[in-house]
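Just so we're clear, the structure is a prediction, and the values are computed from it rather than from any experiment.
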Amino acid sequence: MVFDVIIIALLLGVAIGLLLMEIFLLPGITIAGIGGVFFAVGGIAYAYLHVGATAGTVTLIASALVFALLFVWLIRSRALDRIALKTDTDGKLVTPAQQGIRVGDEGITLSRLNPVGKIKVSGIVTEGKSTGDFIPEETSVVVIRVEMNTLIVKPKHVN
């Protein structure tokens, strides 16, 4: 009887640990969550089959209560604050058109455009895209079209 209680306690302890890890530490559905469910079902089934219906029901209620209490405690405690991501992003996309870059402006490639790379136009570094041809680094270019956040350019000497 004591051995059965130890087995049940170990199975449910592992199940609760794995399920809490799944909820708080591991993104998505992982092997920890699936394993936690199997350990929980195994522990409760073991209690019902080897100890009796009353012990199985007590095990089911006790394990659900312990899981709920630990879940609430972890949410309210500051233990998760050390590992939780709390970064706020306040940035916004500023398009080349909003920066004042227009069709016909001239610039220079900072990296090769094959077909996409970095260019500098009117002192602003942004993404540039060639019309399909490779444009080497440090080549003078002309803006022929302004898209959402990309400038379509061609080499200055090509008409």
Legend entry - Closest non-hydrogen atom pair, G56 against A47: CA-CB, 3.8 Å

Inset, instruction - Locate the shortest heavy-atom distance separating I44 from S63; write the atom from each residue and the value. - result: CD1-OG, 4.0 Å

Legend entry - V14 with L69, same ILVMFWY side-chain cluster at under 4.5 Å: no

Legend entry - Close side-chain approach of L19 and F71, heavy atoms under 4.5 Å: no

Inset, instruction - Supply the atom-to-atom distance Q99 CD to I124 CD1, rounded to the nearest 0.5 angstrom. - result: 4.0 Å

Legend entry - Connected via hydrophobic side-chain network under 4.5 Å: V58 and L11: no

Determine all donor-acceptor pairs shorter than 3.5 Å in which one atom belongs to a side chain in residues 100-118; sequence neighbours excluded.
unit_1 : atom_1 : unit_2 : atom_2 : d
R102   : NH1    : A97    : O      : 3.2
D105   : OD2    : R102   : N      : 2.9
E106   : OE1    : K156   : NZ     : 2.9
T109   : OG1    : P136   : O      : 2.8
T109   : OG1    : E138   : N      : 2.9
T109   : OG1    : T139   : N      : 2.9
S111   : OG     : K118   : N      : 2.9

Inset, instruction - For residues E127 and I119, report the shortest heavy-atom separation together with the two atoms involved. - result: C-CG1, 4.4 Å

Inset, instruction - Flag yes if more than 12 heavy atoms outside F134 fall under 6.0 Å of its CZ atom; otherwise flag no. - result: yes

Legend entry - Distance (rounded to the nearest 0.5 Å) between Y48 OH and L60 CG: 5.0 Å

Inset, instruction - Report the residues that fulfil side chain to side chain contact (heavy atoms under 4.5 Å, CB included) with I16, sequence neighbours left out, ordered by chain and then residue number. - result: L20, V66, F67, L70

Legend entry - Distance in Å, L151 CG paired with R145 CZ, rounded so as to fall on 0.5 Å steps: 11.0 Å

Legend entry - Nearest non-hydrogen partners of I135 and S130, listed with the distance: CD1-CB, 3.5 Å

Inset, instruction - Determine whether I152 and V141 fall in the same hydrophobic cluster, where Ile, Leu, Val, Met, Phe, Trp and Tyr are linked whenever their side-chain heavy atoms lie under 4.5 Å apart. - result: no

Legend entry - Residue I31 excluded, over 12 heavy atoms near CD1 under 6.0 Å: no

Legend entry - Path from L10 to V2 over hydrophobic side-chain contacts below 4.5 Å: yes

Legend entry - Where A15 and F39 come nearest, the two heavy atoms and their spacing: CB-CB, 3.6 Å

Inset, instruction - Answer yes if L49 and L12 sit in the same cluster of Ile, Leu, Val, Met, Phe, Trp and Tyr residues linked by side chain heavy atoms under 4.5 Å apart, and no otherwise. - result: no

